[in-house]
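First up is the structure itself, then whatever we jot down about it.
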Amino acid sequence: MTSERLTIEDDRFLINRLIGQAPRHTLVREFFMNAQESASLAPEGRRLVRIYPTLIEGVRKLTLWNTGPGMNATELRTATNISASINKQMSLKGNFGIGAKVSGLTVSPAGIRYRSCKGGVVHEVTIGYDEEAETFVRFTFEVEGREESVFDVSYSLRHKVDLSSDWTEVVLMGEDDDHDTVAEPIGRGIRVDRSYVPTQIFRRFAEFKPGVKVTLDVSLTKGGGKDETGKTRTLKTLQEVVPLLPNAEAVTCSETGIKVQYIHDPKHANYSHSLSALNNPATSSTSFCALVHKGERYDFRTGKKWSAVAPNYGIPFGSTVLTVEIYIPDEEALPNQYRDALTTVEERNPVTTDDYATKVREIMPEWVKDVIREAHPPRDENLDDLQRDLQKLLDEFRLPTATFVKSIKAPDRTDDSDVGLDEARSAPVDPIDDEEDRFLRGERSSGRRATDKKVRKAPEGAKLSKESQALERAPTIEILDDPAEIDEKQMKGRAGRYYKDAQTLFINGLYSAVDRMTAELELHFAGQTEGEELRKIILKAAQRSMAFRVGKATCFAISKRLVDGWSIEDLDRATSPESLSLAADDYRQSMSAARKWIGAELKVQGFAVEEPEPA
């Protein structure tokens, strides 16, 4: 018995909806992929893709041209149907024939003109939106007294183009006749960088099809005159440029098959451009992080987006000169409907670079760590004492790491359990003010602490117990005072940002609470010492005390991990930059300890100062 196949009752509605919902940003990828796939079928040495402007009634229209098998009238008609293609297999695992037409018509409803040369004969067809029909059509033209949608234009082109070999040309008309699709390729009124098209290709494609050469008219690239045209530049992949960079290494994880490529791409000593950009002048090249699947990149993060998440990948500093590419085995992912993201094969869950951040940290080569250390801003501040005090605070909760599982059931937990406490409590040994006072006294440049305390040492060879080794570590503190660094970490107007995976806490040394505390402390110590030196010491006190407040808030939030009723989302909100900023704003609780520290610091440096009044 033969089953009855389902059909589409209202195909016009379905096509209109499919095109109307398609993303604009996939346009370049879709048309370039079609062009290079066709070019890869041409004879070796003739595998070419060219991108240039075509003037139609004086208006520039973006054009992609490629060698490879041409199409006759019948094939061209078939190829311009939705969900149809020529010389390729329709498959989720392949480059199915739906994306270019759908994304192209979204951006270019006024028309997409196809011309294809096969056996010396060139046929033309234009698809677009018909206002009268209220749907997308193949436009008809009057040809020798008849209306035709596909017709022969060989005679009119015989002196303008080469008819000796097969090729295909696609021209994007845009939204109307006056739309310059070279300057505004993804929509009228949506201005993009002049090198938008080659940059999109460079970022999306980790490799081109074998033997394919890509050239662009200079009107589509950076550099040169704005209206210059007629000259071309060759577009390279990053892999072609890698041998010209200081260092690069691909490391494969034997357990998962994931391959991570680390690339050092610093700025040129005499230019503002990266070395990769200077060696690939057709595009704008910057450091980034991305997934690579079957030669294409997904979840591409660059600039501020990359810098903001880089600490989770083990790169707290140096994201502007380090690129990370995460290669996923072919069988472990599939592209979504519009090919702008990856999903898992079975559940169709989104796949992102964040899923592999831990692996990037674990297999990172030592030379990459050296680059990160070199990128660390110079600091004259020793925060070891802060780390110790925060660690002591966190140890009071006996909080195991997320990966350490003990054989104690949650219902049996009590206040005295060594797994953790149901509620965060301050350490019983010292009041909070004393803790902060001790931290602020800190280790000065002389290495001497303000108070002596007997240190009891364990017998030689003693080690931490397994339980102690598995206790949560206090986050590493990094105080930032460079506006560019603060902006990169998306901390403007925020006191701190905690990266739980990398266990790093960044402090905004320019946060408003620091300014307010500094202003009040300057009034208190006004006239006692030289102004410039005093301001440096006061600023340091304000930054350190805020770091302590934010650090405590982070530790208290971490301690809630074992509390019933606290979800992962609750914990993330508790350590969000906004929550940490609220903890930082209460600076007056730190004034007494800060005044004591400043007075002690001034004495160490040889200044005679009056003792601060009791709080």
Side-chain angles (χ1 to χ4, degrees), residues 4-35 54 56-57 59 61-64 71-88 90-92 95-116 123-143 145-153 168-181 184-190 335-340:
E4 184 178 351
R5 186 173 64 90
L6 296 179
T7 60
I8 298 172
E9 184 69 22
D10 189 346
D11 57 354
R12 181 174 67 174
F13 168 77
L14 183 63
I15 290 173
N16 288 354
R17 181 180 179 183
L18 183 67
I19 294 172
Q21 293 179 339
R24 292 173 176 265
H25 62 268
T26 59
L27 173 108
V28 174
R29 181 267 169 197
E30 296 296 344
F31 280 100
F32 177 78
M33 176 58 94
N34 284 354
T54 293
I56 297 181
E57 296 183 3
V59 180
K61 305 293 183 179
L62 180 62
T63 305
L64 290 91
M71 291 175 281
N72 58 29
T74 301
E75 292 170 328
L76 198 55
R77 185 185 300 276
T78 300
T80 49
N81 281 327
I82 302 297
S83 293
S85 59
I86 301 295
N87 299 321
K88 69 174 68 173
M90 297 291 289
S91 167
L92 277 175
N95 185 41
F96 45 84
I98 186 172
K101 284 161 289 194
V102 169
S103 62
L105 290 169
T106 299
V107 173
S108 188
I112 303 174
R113 190 186 76 185
Y114 292 84
R115 284 177 176 172
S116 191
H123 287 93
E124 177 181 318
V125 63
T126 301
I127 61 176
Y129 186 76
D130 188 295
E131 295 285 351
E132 292 183 5
E134 296 184 343
T135 192
F136 293 89
V137 301
R138 274 184 289 269
F139 291 121
T140 56
F141 294 78
E142 185 176 328
V143 182
R146 295 171 52 180
E147 289 189 348
E148 294 289 339
S149 59
V150 183
F151 44 91
D152 184 341
V153 292
T168 299
E169 178 194 74
V170 181
V171 180
L172 298 176
M173 301 300 182
E175 297 180 22
D176 53 49
D177 293 342
D178 297 326
H179 183 178
D180 183 343
T181 57
E184 300 174 332
I186 58 173
R188 188 156 193 176
I190 305 175
N336 66 5
Q337 178 183 9
Y338 292 111
R339 290 191 168 278
D340 59 351

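As a basis for the values below, the full set of heavy atoms in this structure was taken, side chains included, without hydrogen atoms, waters or symmetry mates.
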CA sep, side-chain torsions, deciding dist, call: Ile56, Val171, side chain to side chain contact (heavy atoms under 4.5 Å, CB included): CA-CA 10 Å; Ile56 297 181; Val171 180; 4.1 Å; yes
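Of all non-hydrogen atoms in Gly174 and Thr181, the two that sit nearest each other are CA-CG2, 3.5 Å. The minimum heavy-atom distance between Val125 and Ser149, with the atom names listed, is CG2-O, 3.3 Å. Across Asn34 and Ala100, no two heavy atoms sit closer than the pair ND2-CB, 3.2 Å. Between Gly111 and Ser108, the shortest heavy-atom distance links the atoms O-OG, 2.7 Å. Of all heavy-atom pairs spanning Leu105 and Ile112, the tightest one is N-CD1, 3.7 Å.
Here Asp152 pairs with Val121, His123, Ser154 under the side-chain contact (heavy atoms from CB on, under 4.5 Å) rule; sequence neighbours left out. The salt bridge (Lys or Arg N to Asp or Glu O under 4.0 Å) test applied to Asp176 returns Arg188, not counting sequence neighbours. Listed by chain and number, the residues in a salt bridge (Lys or Arg N to Asp or Glu O under 4.0 Å) with Arg138 amount to none (sequence neighbours excluded). A search for side-chain hydrogen bond (donor to acceptor under 3.5 Å, both in side chains) contacts involving Asn16 returns Thr135, not counting sequence neighbours.
The pair Lys101-Glu30 fails the salt-bridge criterion, with no side-chain N (NZ, NE, NH1 or NH2) lying under 4.0 Å from an Asp/Glu carboxylate O.
The structure places CD of Glu147 at 11.0 Å from CZ of Phe141, a figure rounded to the nearest 0.5 Å. Between the CZ atom in Phe151 and the OG1 atom in Thr140 there is a gap of 9.5 Å [rounded to 0.5 Å].
The closest donor-acceptor contact from the side chain of Lys61 to the backbone of Thr54 lies at 3.5 Å or more, if one exists at all. The closest donor-acceptor contact from the side chain of Glu169 to the backbone of Arg115 lies at 3.5 Å or more, if one exists at all.
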Name the atoms and distances for all side-chain donor-acceptor pairs under 3.5 Å in residues 17-27, with sequence neighbours left out.
residue: Arg24; atom: NH1; partner: Ile186; partner atom: O; Å: 2.8
residue: His25; atom: NE2; partner: Asp340; partner atom: OD2; Å: 3.4
residue: Thr26; atom: OG1; partner: Pro23; partner atom: O; Å: 3.2

For residues 126-134, which side-chain donor-acceptor pairs fall under 3.5 Å, sequence neighbours excluded?
residue: Asp130; atom: OD1; partner: Glu132; partner atom: N; Å: 2.8
residue: Asp130; atom: OD1; partner: Ala133; partner atom: N; Å: 2.8

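Looking at heavy atoms from C-beta onward, Phe31 lies out of side-chain contact with Leu62 at the 4.5 angstrom threshold.
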